[in-house]
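The structure under discussion appears below in the form of structure tokens.
We count residues from 1, following the sequence as given.
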Amino acid sequence: MKILKLVYDNEQSNSWATNIRKKRLALFNSLIESIPSPVNILDVGGTQTFWDTSGFFDENMDLLKITLMNVRKVPVSRPNFNSIVGDARNMKNFKDNQFDVIFSNSVIEHVGDYNAQLQMANEIKRVGKRYFVQTPNLYFPIEPHFVFPFFQFLPVEVRVWLISHFDLGFYEKITDQKTAIEAVTSITLLNKKKFISLFPEANLFEEKIF
């Protein structure tokens with residue numbers, strides 16, 4: 001079985017994020033619980049900090065072998081973690097079905113346009129026997145990266161002006177216009193229809209607020 005996860009959340013909120021993360025990891029655990037240990041996981045775009053703070057290792061410390069793949073190497077301190085540099089759109093260093101599970105949390109909206117997202121989706125399906133992919137929904141009213149109402153639907157020049165004058169969400173004020181433009185155009189949120197089109201064979205799980 002392959003599992004796909006689509007979320008409707010604002011992860012800037014601690015209370016929401018905590019509850020959502022617990023549910024998300026519980027669902028992920030249901031995906032891997034039938035796999036013989038150690039479960040070989042590729043976390044695309046992830047960090048050890050995410051796993052350390054999730055509480056997931058309270059019972060699964062020795063059951064997982066996790067490879068973290070990012071555009072730059074991230075630090076690891078646990079013996080069952082490995083950190084490598086790679087491109088989610090072209091995982092040429094990996095064989096078909098090399099990993100038991102591919103895990104990716106809020107990454108696919110950062111790799112480029114729909115064609116780039118399709119490349120990532122195809123690579124995930126190629127190198128993983130199962131996958132668990134999560135992304136914020138385009139139509140959630142609070143844009144989750146800039147934490148501003150309907151930010152994703154504003155004209156580019158308005159978004160650039162806002163980030164040039166204010167700290168927004170995970171971003172500090174960006175005074176350089178070129179950098180500001182790159183920041184607001186580097187995220188391509190997916191709606192439900194497009195997300196499903198990337199993983200048509202998967203099961204869809206939706207997280208909702210209110």
Side-chain angles (χ1 to χ4, degrees), residues 1-9 11 20-71 74 76 78-111 114 116-137 190-208:
M1 177 178 291
K2 297 181 178 181
I3 291 185
L4 174 69
K5 196 168 201 305
L6 177 66
V7 300
Y8 297 69
D9 72 341
E11 293 203 6
I20 288 172
R21 178 175 291 175
K22 287 180 180 179
K23 293 179 180 179
R24 191 175 300 162
L25 269 297
L27 179 58
F28 179 69
N29 187 63
S30 71
L31 170 64
I32 68 172
E33 61 185 359
S34 62
I35 304 173
S37 60
V39 182
N40 191 15
I41 298 172
L42 174 65
D43 184 347
V44 180
T47 65
Q48 183 184 314
T49 302
F50 170 85
W51 297 95
D52 285 344
T53 58
S54 69
F56 198 73
F57 280 124
D58 293 346
E59 298 178 358
N60 300 285
M61 174 68 77
D62 300 323
L63 304 181
L64 306 179
K65 178 183 177 183
I66 301 177
T67 299
L68 305 173
M69 188 184 76
N70 291 274
V71 294
V74 298
V76 295
R78 294 184 184 272
N80 52 332
F81 277 86
N82 180 37
S83 176
I84 65 170
V85 174
D87 186 342
R89 299 164 297 181
N90 183 9
M91 305 185 202
K92 57 185 178 182
N93 295 330
F94 300 136
K95 301 175 183 178
D96 293 358
N97 294 325
Q98 182 169 338
F99 295 91
D100 294 316
V101 183
I102 309 298
F103 182 92
S104 187
N105 187 63
S106 292
V107 173
I108 198 166
E109 69 270 19
H110 294 278
V111 299
Y114 181 81
Q117 293 169 336
L118 181 60
Q119 290 174 337
M120 176 178 171
N122 288 338
E123 283 293 84
I124 284 174
K125 290 182 279 188
R126 180 182 69 81
V127 304
K129 300 173 186 176
R130 307 161 183 82
Y131 54 81
F132 185 99
V133 180
Q134 176 272 336
T135 189
N137 190 298
L190 288 155
N191 60 28
K192 182 176 177 179
K193 181 178 180 180
K194 284 189 175 181
F195 195 31
I196 292 174
S197 72
L198 294 176
F199 303 97
E201 66 291 316
N203 294 325
L204 178 70
F205 294 83
E206 298 176 283
E207 292 173 352
K208 298 184 179 182

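Taking each heavy atom of T135 and E109 in turn, the nearest pair found is OG1-OE1, 2.9 Å. Among all heavy-atom pairs drawn from N105 and Q134, the shortest one is OD1-OE1, 2.8 Å. Summarising the geometry of I108 relative to V111, their closest heavy-atom pair is O-CG2, 3.3 Å, with the distance given to 0.1 Å. Of all the heavy atoms in Y114 and K194, the pair that sits closest is CE1-O, 3.9 Å. The shortest non-hydrogen separation linking V107 to S104 is CB-OG, 3.4 Å.
A donor-acceptor contact shorter than 3.5 Å links the side chain of R126 to the backbone of M91. For the pair S83 (side chain) and V74 (backbone), a donor-acceptor distance under 3.5 Å is present. Put simply, the side chain of N82 never gets that close to the backbone of T67: no donor and acceptor are under 3.5 Å apart.
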Practice item. For L190 and L198, run side chain to side chain contact (heavy atoms under 4.5 Å, CB included): C-alpha distance rounded to whole Å, both residues' side-chain angles, the deciding distance at 0.1 Å, then the answer. Key: CA-CA 10 Å; L190 288 155; L198 294 176; 3.8 Å; yes

Review point. R78 and I66: side chain to side chain contact (heavy atoms under 4.5 Å, CB included), yes or no, with the steps?
Key: CA-CA 10 Å; R78 294 184 184 272; I66 301 177; over 6 Å; no

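Between K192 and F195 the shortest side-chain heavy-atom distance does not fall below 4.5 Å. Within the 4.5 Å cutoff, the side chain of K125 has heavy atoms near those of the E201 side chain.
Ring-plane geometry between Y131 and F199 is classed as tilted, the angle between the planes lying from 30 to 60 degrees on a 0 to 90 degree scale.
Annotation: the span from I84 atom CD1 to F94 atom CZ amounts to 3.0 Å, rounded to 0.5 Å. Here F205 contributes atom CZ and K23 contributes atom NZ; the two are 14.0 Å apart, rounded to the nearest 0.5 Å.
D100 has no carboxylate O lying under 4.0 Å from a charged side-chain N of K65, or vice versa, which leaves the two without a salt bridge.
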Tabulate below the donor-acceptor pairs under 3.5 Å that side-chain atoms of residues 38-47 make, not counting sequence neighbours, or state none.
residue	atom	partner	partner atom	Å
N40	ND2	Q98	O	3.4
D43	OD1	G46	N	3.3
D43	OD2	W51	NE1	2.8
T47	OG1	F50	N	3.3

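Here the options are L27, I102, I32, I124, the test is side chain to side chain contact (heavy atoms under 4.5 Å, CB included), and the partner is F132; only L27 passes.
Contacts of R89 classified as salt bridge (Lys or Arg N to Asp or Glu O under 4.0 Å), with partners at least two apart in sequence or in another chain: D87.
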